[in-house]
Every structure is written in C-alpha cells, then in structure tokens.
Amino acid sequence: MKGGKLIIFSAPSGSGKTTIVRHLLKQPELNLAFSVSATSRVSRGEEKHGEHYYFIKVSEFKQHIKNDDFLEWEEVYRDNFYGTLKSEVERLWAEGKNVIFDIDVAGGLRIKKKFPEVTLAVFVKPPSIDELKIRLKKRSTESDDKINMRIAKASVELATAPQFDEIIKNYDLDIALKEAHKLVADYVGVDIKN
Ligand code: 5GP
C-alpha cells in the first residue's frame, strides 16, 4: 500500500477529537479525506452508513477479520467491534488524499507501527476524567452503563499518550483547533495563516 500521509487522532471518548477531525476536514489546503471505519455498533442520532461508519453485523465483521481485510481492528467495547478496512485507505490514497483517522488509541498506535514513515499520531487530552464524564452525559447519546464503560477505559487510554507523536490538550476548544490545524499543516507541508 502506497500513497499520501496518514493523520491519526486518538483520545478517550468525549475528549473532543471528533470535533477536531471535522474541523480539519473543512480545511481544503490540507487535502484530507476521512477514513470511514467499519463497526458492529448500531448507528446513533444522525449517523449515516458510509459517511460516519460502515455499520455492519458482527458476523460480517468477523468474516472481514478472517479474510484479513483490516489494517487494524479492535473490540473497543464489549461486543462493539471497530476496524479500518485496507480497501478504505487504498481508495483514499488512490484519490491522492491524505487520510485522517478518528480511532481508539490501540488502533492508532497499530497504524503508526505499520506506516511509521508517513504517519502523524496525535493524542487529544481531556482536562480531567471528571470533565470527560460531564461531556459524555451532556452528549446524552449513551446509557449510564455505556458512559461508565467509556470512563473506565479512559484512564487506561490516558496512560498511552506518551507513545504518540504529539499531544493536544483540549481545555479550550478554539485553541485546540488552531493547534491541530498548525500541526497537520506542518506535517503535510503546507503554509497556513494564523
Ligand atoms: P464511537 O462509538 O464513540 O463512535 O467510537 C468509540 C471509539 O472507537 C472511539 O474512540 C473511536 O475513535 C474508536 N474507533 C472508531 N473507528 C475505529 C477503528 O476503525 N478502529 C479502532 N481501533 N477504533 C475506532
């Protein structure tokens, strides 16, 4: 597999990485395209198949694992599988794009290991676990059980931050967005006005 750069944003759920990734996708000079992951979880809210995720059945997901179709995959939460299909990255590289990922820390580090020369791995750090809890509750897309599962995982994920190339502290969203824009622009080699 050969092509443009790979930009990974990983963080505990609720840290704001999705907001940052969406902001970066709106910057045309970065020439980014979003890597749509496959997942066995059900869609929530406004999420669309093929745009936010490829929503597939667990059986189909397991078949893809058997076929070695994934660049990486994780059972991020119990019975909820998520993975990056090789075909997705190949498709976007064929379009001449730099590919941006919104994936969990284990998956992010796995991709970095596979493509160390062309990958920028960024960890987005939330102000605190308490703040994370507040943000997840405010989002109110998950049940309390699911929120607690995400919080429990967050402490483990925070410990992996030093393995990333860059850490962005998302204490103030505007500042975090600017910092992310600058980091990615530098990595893909374009100038931006501040
Ligand atoms: P959510 O259910 O909130 O959309 O995602 C849960 C977690 O799974 C998030 O941390 C998200 O970034 C991660 N995730 C999404 N797609 C992938 C993927 O393809 N691979 C891995 N390893 N994690 C993913």
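Hydrogens, waters and symmetry mates play no part in the numbers below; they use all other heavy atoms, side chains included. Owing to the predicted nature of the structure, the values given are computational and were not obtained by experimental measurement. In listed order, ligands and their atoms are each counted from 1.
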Please confirm whether K146 makes a cation-pi placement over Y77, using NZ or CZ under 6.0 Å from the six-membered ring centre and within 45° of the ring normal.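 Verdict for Y77: no cation-pi partner in K146.
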
Check each atom of ligand 1 against the heavy atoms of [X] and keep those under 4.0 Å away; list them by number with element.
X: R150; answer: 1 (P), 2 (O), 3 (O), 6 (C)
X: S37; answer: 16 (N), 17 (C), 18 (C), 19 (O)
X: R41; answer: 1 (P), 2 (O), 4 (O)
X: E74; answer: 22 (N)

Is there a path of hydrophobic side-chain contacts, each under 4.5 Å between heavy atoms of I, L, V, M, F, W or Y residues, that connects I168 with I100? yes

Against ligand 1, does [X] come closer than 4.0 Å with any heavy atom?
X: A106; answer: no
X: H52; answer: no
X: R110; answer: no

For Y187 versus V118, what's the shortest heavy-atom pair and its separation?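 So the two residues come closest at OH-C, 3.1 Å.
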
Any side-chain heavy atom of L24 sitting closer than 4.5 Å to one from F9? yes

Regarding D102 and T18, do their side chains bring together a donor and an acceptor under 3.5 Å, going by distance alone?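 Looking only at side-chain atoms, T18 and D102 do form a donor-acceptor pair, the distance falling under 3.5 Å.
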
Residue K125 excluded, over 12 heavy atoms near NZ under 6.0 Å: no

More than 12 heavy atoms from other groups under 6.0 Å of NZ on K114: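 More than 12 within 6.0 Å, yes.
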
Going by heavy-atom distance to atom 2 (O) of ligand 1, choose the closest among Y82, Y53, F70.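 Among Y82, Y53, F70, the closest heavy atom to atom 2 (O) of ligand 1 comes from Y82.
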
Of I111, D104, L71, the residue with the heavy atom nearest atom 23 (N) of ligand 1 is D104

To which protein heavy atom is [atom] closest, and what is the distance rounded to 0.1 Å?
atom: atom 10 (O) of ligand 1; answer: K17 NZ, 3.1 Å
atom: atom 12 (O) of ligand 1; answer: D102 OD1, 2.9 Å
atom: atom 20 (N) of ligand 1; answer: E72 OE2, 2.7 Å

Pairs of nitrogen or oxygen atoms closer than 3.5 Å, one from [X] and one from ligand 1: do any exist?
X: W73; answer: no
X: V76; answer: no
X: S13; answer: no

Quick check for you: to the nearest 0.5 Å, what is the distance between [X] atom [atom1] and [Y] atom [atom2]?
X: S40; Y: F61; atom1: OG; atom2: CZ; result: 6.5 Å
X: D130; Y: I151; atom1: CG; atom2: CD1; result: 8.5 Å
X: D191; Y: E29; atom1: CG; atom2: CD; result: 10.0 Å

Location of contacts on K146 toward ligand 1, heavy atoms closer than 4.0 Å: neither

Indicate, as side chain, backbone, both or neither, the part of Y77 found under 4.0 angstrom from ligand 1 when only non-hydrogen atoms are considered.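 Just the side chain.
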
Among E88, H64, H49, which residue meets the side chain to side chain donor-acceptor pair (under 3.5 Å) test with Y54?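 Of all the options given, the one that passes is E88.
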
